[in-house]
Structure formats: structure tokens, C-alpha cells
There are 2 protein chains.
Amino acid sequence: MARVRLADVAALAGVSMKTVSNVVRDYPHVTPEMRKRVQDAIDQLGYRPNLTARRLATGRTGMIALAVPEIDHPYFSELSRHVAEVALERGLRVILEQTLSTSEGEHAVLRDREAGLVDGVIFHPVSMTSLEISRFHRDTPLVLIGEAAVPLTTDHVMIDNVVAAAEATRHLLLLGRRELVFLGAVRGDVTVTTDRRLEGFQLALEEAGIRPGADRVLTADDFSPEAGAAAVHAALDAGDRIDGIVCRDDQFAVGALRALHERGVETPERIAIVGWDDTALSRYSFPQITSVSPDKRAIAEIALAMLVERIDGLAGPGRHRIAPHRLAVRDTAPREGISALQR
Amino acid sequence: MARVRLADVAALAGVSMKTVSNVVRDYPHVTPEMRKRVQDAIDQLGYRPNLTARRLATGRTGMIALAVPEIDHPYFSELSRHVAEVALERGLRVILEQTLSTSEGEHAVLRDREAGLVDGVIFHPVSMTSLEISRFHRDTPLVLIGEAAVPLTTDHVMIDNVVAAAEATRHLLLLGRRELVFLGAVRGDVTVTTDRRLEGFQLALEEAGIRPGADRVLTADDFSPEAGAAAVHAALDAGDRIDGIVCRDDQFAVGALRALHERGVETPERIAIVGWDDTALSRYSFPQITSVSPDKRAIAEIALAMLVERIDGLAGPGRHRIAPHRLAVRDTAPREGISALQR
DNA sequence: CATCGCATTTACAGCGCTGTAAGTTGTGGC
DNA sequence: GCCACAACTTACAGCGCTGTAAATGCGATG
């Protein structure tokens with residue numbers, strides 16, 4: 001089946017290819033009757049423009065890549081949805097790239113742009129350093145999200161992790177909790193995300209006159225709920241006094257919840273929990289988990305807006321934007337003060 | 001930065017463009033020294049082929065679209081991950097399309113949206129009928145997943161929903177449960193997915209000599225856990241005897257679990273639950289939910305394999321493949337018989 | 001030593017569309 | 001009634017790469 005081409009339409013309508021192109025692209029200076037004549041020919045032939053050819057001619061692909069560690073991680077899948085929707089509004093297509101948090105995967109992402117596959121990239125790096133990114137990046141439109149790498153030369157969006165963590169911690173303090181722990185550090189984790197959140201945790205505690213010791217940070221073997229649960233069990237076994245847990249993400253919150261349930265410790269009565277990311281995990285768990293909620297829509301919108309500006313040729317140093325966040329208050333750390341129980 | 005082109009490399013290496021092209025594409029009949037000379041020029045210039053131009057010349061885009069209702073639904077995000085990974089193995093890129101289950105979204109996927117953009121589409125329809133799909137599906141290779149629409153003319157993968165539902169039901173019967181209900185039908189839902197699962201549910205019950213009445217099907221207002229929970233509450237309020245619930249998906253299972261917890265009914269001791277899709281929701285809930293587990297990897301592999309064959313020009317009627325499934329046995333319906341309690 | 005056959009390399013015409021600059025018309029002013 | 005000017009439309013050269021067919025080089029053969 002030979003596809004219908006622009007030239008075929010032009011021949012049928014008895015006009016030049018360029019006029020047909022103008023009609024297709026809604027170029028303003030086309031007389032109504034001409035537009036109708038061409039449109040009729042298009043309809044009659046069922047013509048669809050070949051986007052690949054258009055791209056070669058314009059140099060624009062109309063596509064952006066969204067590169068995340070894992071698409072099926074709830075935070076990233078929810079973010080992807082917003083990016084896809086915002087992109088659609090702007091007439092852009094989204095290519096999905098999974099880096100699996102590997103260095104090779106992340107390098108491959110930046111190379112794609114060089115291949116002219118996409119006009120720009122929204123990238124949530126994990127393992128690449130700022131230096132590596134800025135070296136690769138050069139002048140291809142790129143917007144980073146997350147906290148991992150923040151080269152000064154590159155646009156970047158994130159929420160204020162320190163502030164958000166402090167707010168989450170203060171929320172527990174307001175509930176009367178004093179024996180708080182942070183879950184958790186992860187063995188072998190080199191990213192700064194945990195550091196920022198830990199920083200906010202510490203800040204809020206010190207404000208409240210509490211000087212947290214190293215034993216207030218629970219360490220897990222990996223990022224799974226199981227590892228989180230194990231860390232909580234270990235702390236409880238060691239006799240640590242705990243009445244509130246600030247988790248670095250919802251997976252750990254789920255793990256903490258499970259561990260507490262397994263030991264018959266009520267949540268939030270005995271130990272309150274705050275998660276992070278406000279993903280389906282926290283909304284669908286039982287009890288539902290109070291969670292730091294990054295405004296994913298805003299992140300998507302800001303990232304895309306900056307990316308489009310770069311694609312349109314904006315030069316200059318990297319811009320660093322802070323997206324809003326809030327605390328999604330649910331069962332595991334409700335708003336009304338359920339004060340800590342005496343043991 | 002003027003991009004380096006094939007011609008630049010050719011000039012530097014002192015060969016023709018085509019030879020450079022052959023090196024880039026790993027064409028076998030190139031002498032080692034020639035390959036080296038060209039490769040050196042490529043490295044020196046930092047040349048990257050322009051994929052758009054390649055596409056225009058070859059007629060292949062090397063991209064496929066994956067069109068699902070919602071990317072952030074756990075089932076689809078997990079499926080997407082597999083599709084992305086399998087596609088990567090085959091050197092294909094994946095474009096993400098969200099239909100949001102709307103008719104317009106679904107039509108757009110098959111129509112001009114993808115004109116010349118992708119080599120093929122993997123599509124999970126919800127609202128389009130078989131007829132509509134077969135009418136639209138013309139020139140772009142297409143593979144359908146899910147149960148919604150199954151035109152005879154189009155390739156298709158799904159799991160055997162009737163068999164899987166019967167197995168899930170039998171699992172509960174083997175646990176000694178007899179008072180089973182199906183959660184649930186959804187008001188206004190026109191898809192056949194629920195029907196197939198309900199069919200398997202009924203089949204297994206009849207095998208066991210139980211003739212299920214209409215009151216054994218709980219109806220929810222929508223697909224949310226909240227609606228599922230409400231349906232369970234309503235049934236319990238109505239005094240229905242229930243010792244096991246087969247859910248049409250994990251969201252309903254989460255809802256059922258929540259409702260039972262709210263009423264202080266133990267799971268699985270008093271009422272056992274089986275979910276469907278084996279998503280993060282069932283793995284991360286507490287207690288963990290036993291769930292029908294479609295082999296998502298297999299679905300991705302089969303769909304992609306069929307799609308690639310179509311892209312390579314295979315003609316002929318639609319092929320219909322059944323992907324494997326299993327029952328992921330977890331806490332809410334364990335393997336060992338915890339027999340139903342007398343009330 | 002000239003010739004043949006094979007493997008490798010080259011030249012060049014597109015792939016389908018758009019940007020540019022150069023027409024072609026039609027209108028209004030003087 | 002003629003000319004300048006605006007408003008449309010056209011012709012054509014690429015965008016960067018690859019497929020095809022033809023040309024080249026080279027060792028082997030008689």
C-alpha cells in the first residue's frame with residue numbers, strides 16, 4: 001500500500017506541494033477557497049503527513065525523552081503520567097527511557113539526544129555525577145529532576161527536601177512524639193536524597209531541643225519494604241525507644257508499618273509513621289500512610305516549561321526551581337494530637 | 001554547534017559516505033583497515049548518526065508506541081517496564097501513549113497520532129469495540145492486549161481469564177471456603193474483563209456443587225478501593241454470609257481488606273481474599289494479598305514478538321495468544337488450609 | 001603476463017517534507 | 001488608467017542518510 005504523499009494531494013488539487021503543506025500546517029495566509037480545495041483532496045486521498053520527513057526538514061522531532069530509574073516505581077509512574085499529560089498539551093510526544101539506575105543506562109539517555117531522536121530530555125539521574133552530566137550535556141536541552149546531581153550549568157527542579165523533612169518531623173513533634181527515628185539510610189547508597197531529608201529531620205529535632213544521636217537513624221540493606229521492616233525490627237529488638245518514624249520514602253513506610261503490625265504495636269497510637277512521595281502505596285495501605293507529597297504535577301509543568309524554553313534556544317546558566325510540596329496527612333500520623341502513649 | 005554529518009566523516013577518512021554508513025551499521029563486507037580508518041574519523045569528530053534521516057531513508061522508525069489507559073495504574077506501569085525492557089533488547093524505543101480510557105484517546109492512538117511516527121503499536125483498549133479497531137487498524141502493525149476488544153483480524157495477547165478466575169476460586173474452595181463472593185461488577189462498566197473473570201468464578205463454584213446466586217456478585221460504583229470497601233460493607237450490613245472474596249483486581253482487594261479491617265473481621269481467618277494482577281498493591285499491603293499473577297514479562301515478549309513479525313511484513317489473520325499466569329499465594333489466602341471459621 | 005571472478009567501495013538518486021526566494025495575482029491610490 | 005504594494009502561490013534546493021547499480025581493486029588462474 002503506497003502511502004499518499006504530499007505530492008499526490010498537490011496533483012489532485014492542482015496546486016503546489018507547498019500550498020498543501022501550508023494548509024496542513026495551518027499557515028494563516030491561505031485563501032478559504034484554496035484551503036477548501038486542498039482539504040477536499042486531502043480527505044479524498046486520506047492523506048496523513050509523514051512526520052519523519054517533516055522532522056528531517058524542520059530539524060525538530062516534537063519528542064522529548066523522560067528518563068527515570070524505573071517506570072514501575074510508583075513515584076516515577078505517577079510522575080510519568082503528569083509529564084505525559086503536560087507534554088500532550090504542548091503537542092509533544094514522550095519517549096520512555098529506563099536507566100535502571102545504572103551508569104550505562106544514564107549515559108545512554110544523554111547520547112540519544114545527540115542522535116537527534118528527541119528535542120530534549122527530562123532526566124532523573126541517580127548515579128551520574130554533576131560533572132559527568134555537565135560534560136555530556138553541553139548545549140542539548142536538558143532538565144534534571146531529583147536531588148542526585150545538580151550541575152550549575154543545567155536546569156533543575158526539585159522540592160525542598162530539607163524543609164519538607166523538617167515539616168514532617170515537626171508534624172510528629174506536634175503530636176507529642178519525642179522519640180523519633182529516621183528510616184533510613186541505605187547501605188551503599190551514594191545519593192544525596194537521603195542526606196537532605198536527614199538534614200531536615202535533624203533540623204526540626206534541634207529546634208525542639210532534641211539532639212539526635214546516631215542511633216536515631218535506622219539503616220536498611222536496600223530500598224525494599226522488607227529491608228525497612230527488618231531495620232525497624234532490629235531497632236525494636238535493640239530496645240530503642242521509638243514513638244515516631246520519619247521514612248525516606250513510602251516503601252520504607254510500608255515496611256515500618258508491617259514490622260509494627262507483626263509485633264502488635266499499634267499505629268499511630270504507639271508509633272506514628274510519615275512516609276514520602278505520596279504514592280499509591282501510602283494511599284492504598286491500611287492504615288493509610290501520612291506522606292510528604294511532592295507536587296508531581298508542578299514538577300512536570302516546571303520541568304517541561306524550562307525544557308521548552310531551552311529547546312526554543314534559551315541560553316544562559318542553569319536555573320534551579322523549587323516545586324511545592326505538602327504533607328498529605330492520613331492515618332499513620334493524623335492531624336489531631338494523638339499523644340504518645342506511655343509504655 | 002553544527003552537527004557532524006556523515007559527509008564530514010567521509011571527507012576526513014577519505015572515503016565515500018556509503019562506506020562510512022556501512023561501518024556505522026556494521027555491514028559485514030568492510031575490510032578491517034578500512035573499518036579502523038573510518039572508526040578513527042568517527043571518534044575524532046564525535047559523529048553520531050542522525051536517526052531521523054536514517055528513518056526517512058529506511059522507512060523504519062525503530063520506535064513502537066505503547067498505548068495504555070493510565071501509566072500510573074500499577075498493572076500498566078509494571079507492564080510498561082517489561083515492554084520497555086523487551087523492546088530495548090530488540091533495539092526498539094517505546095513511546096508512551098495514555099488513552100485515559102476515553103474513546104477519543106483510543107481513536108487518536110490508532111489514527112493520525114502515530115502516522116509514520118512508529119513502526120507499530122501495542123495497545124490495551126478499553127472502550128473501543130472490535131469493529132472500530134479493525135476499521136481503523138489498517139496500515140500500522142498492531143497488537144492488542146487485554147480482553148476488551150478482540151477483532152479477528154488483529155493480533156492479540158491475554159491470559160485465560162476464565163481459567164485463572166476458576167483457579168483462584170478453587171484455591172479458596174480448597175481452603176474450605178464455601179460462602180464465596182465476587183467483587184465486583186462495576187456500575188456502568190461495559191468491558192468484558194469482569195465478565196470473563198466472573199465466568200471462571202461461577203464455573204469453579206458449580207464444579208464444587210455450589211450454585212451461586214446473583215447476591216454472590218458485589219457491585220461497586222467505580223474501580224477504586226473505596227468503592228470496593230463500600231461494596232463489602234454493604235454486603236456485610238445486609239447479613240450476607242461470606243468467607244472468601246474473589247476480586248476482579250488488586251484495587252478491590254485492597255478495598256475489601258480495608259473494609260474487613262474496619263469491621264474487625266480477620267483476614268484470612270474469617271474471610272479470605274484473592275486479588276488480581278499481582279501488582280505492588282498486593283505485594284506491599286498488609287497482610288499481603290494473594291493475587292492472580294499474569295505473566296507480564298511473557299505478555300510483553302509475546303506482544304513484541306508478534307508486533308515485530310508484523311512490522312517485518314507478515315500478513316494473514318489475527319493471531320490470538322494466551323500468556324501464562326499463576327496464583328501468587330500470600331497471606332490473605334495462604335496455601336495451607338486455614339479452614340473457614342464457624343460464626 | 002593478461003584475464004577472470006569475487007569482494008569491496010563508490011556515485012547518485014531518492015525518502016517526503018519545509019524554508020526561501022521568486023513569481024503571480026489582485027487591489028487601491030493618485 | 002497606470003503603478004506600487006500587499007497577499008498568495010510556486011519552484012526548488014536541501015534536511016542526512018541509505019539502497020541500488022555500477023566501478024574499482026586484487027589475487028588467482030591459464
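Order of the sequence lines sets the chain letters (A, B, ...), proteins ahead of strands, with each chain counted from 1.
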- Atom NE2 of B:His73 and atom CZ of A:Arg81: how far apart are they, to the nearest 0.5 Å? 10.5 Å

- Is B:Arg297 salt-bridged to B:Glu89, going by a charged N under 4.0 Å from an acidic O? yes

- Item | Non-neighbouring partners of B:Leu45 that pass side chain to side chain contact (heavy atoms under 4.5 Å, CB included), sequence neighbours left out | B:Val4, B:Asp8, B:Val9, B:Leu12

- Any side-chain heavy atom of B:Leu144 within less than 4.5 Å of one from B:Pro151? yes

- Message: How long is the straight-line distance from CD1 of A:Ile159 back to CG of A:Asp277, given to the nearest 0.5 Å?
- Response: 8.0 Å

- Please list, by residue number, the residues of residues 7-21 of chain A whose heavy atoms come closer than 4.0 Å to an atom of DNA chain C; answer none if no residue qualifies. A:Met17, A:Lys18, A:Ser21

- Nearest heavy-atom neighbours spanning B:Val143 and B:His156: CG1-N, 4.4 Å

- Item | Base-contact (B) and sugar-phosphate-only (S) positions in nucleotides 22-27 of chain D, heavy-atom cut-off under 4.0 Å, - elsewhere | ------

- Message: side chain to side chain donor-acceptor pair (under 3.5 Å) for B:Ser77 and B:Ser80? Distances and angles first, verdict last.
- Response: CA-CA 5 Å; B:Ser77 69; B:Ser80 297; over 6 Å; no

- Task: Using a heavy-atom cut-off of under 4.0 Å over every strand shown, decide if A:Arg25 touches base, sugar-phosphate, or nothing.
- Result: sugar-phosphate

- Query: Is it true that a side-chain atom of A:Glu301 and a backbone atom of A:Val86 form a donor plus acceptor pair closer than 3.5 Å?
  - Reply: no

- Message: Could you tell me the boundaries of the chain B footprint on DNA chain C, defined by atoms under 4.0 Å from its heavy atoms?
- Response: C:dT8 to C:dG16

- Could you tell me which non-hydrogen atom of A:Arg5 sits nearest to which non-hydrogen atom of A:Tyr47, and how far apart they are? C-CE1, 3.6 Å

- Item | salt bridge (Lys or Arg N to Asp or Glu O under 4.0 Å) contacts in which one or both residues fall within residues 19-36 of chain A, not counting sequence neighbours | A:Asp26-A:Arg35, A:Lys36-A:Asp40

- When rounded to the nearest 0.5 angstrom, what is the spacing between CD in A:Gln98 and CD1 in A:Ile71? 4.0 Å

- Gap between atom CD1 of A:Ile311 and atom CG of A:Leu304 - 0.5 Å precision: 7.5 Å

- Query: Closer to the 5' end of DNA chain C via nearest nucleotide, is it B:Ala57 or B:Arg35?
  - Reply: B:Arg35

- Message: If the helix axis at each end comes from five base pairs, how far does the helix from C:dC1-D:dG30 to C:dC30-D:dG1 deviate from straight, to 10°?
- Response: 50°

- Message: Please report the interatomic distance CZ(B:Arg93) to CG(B:Asp119), rounded to the nearest 0.5 Å.
- Response: 12.5 Å

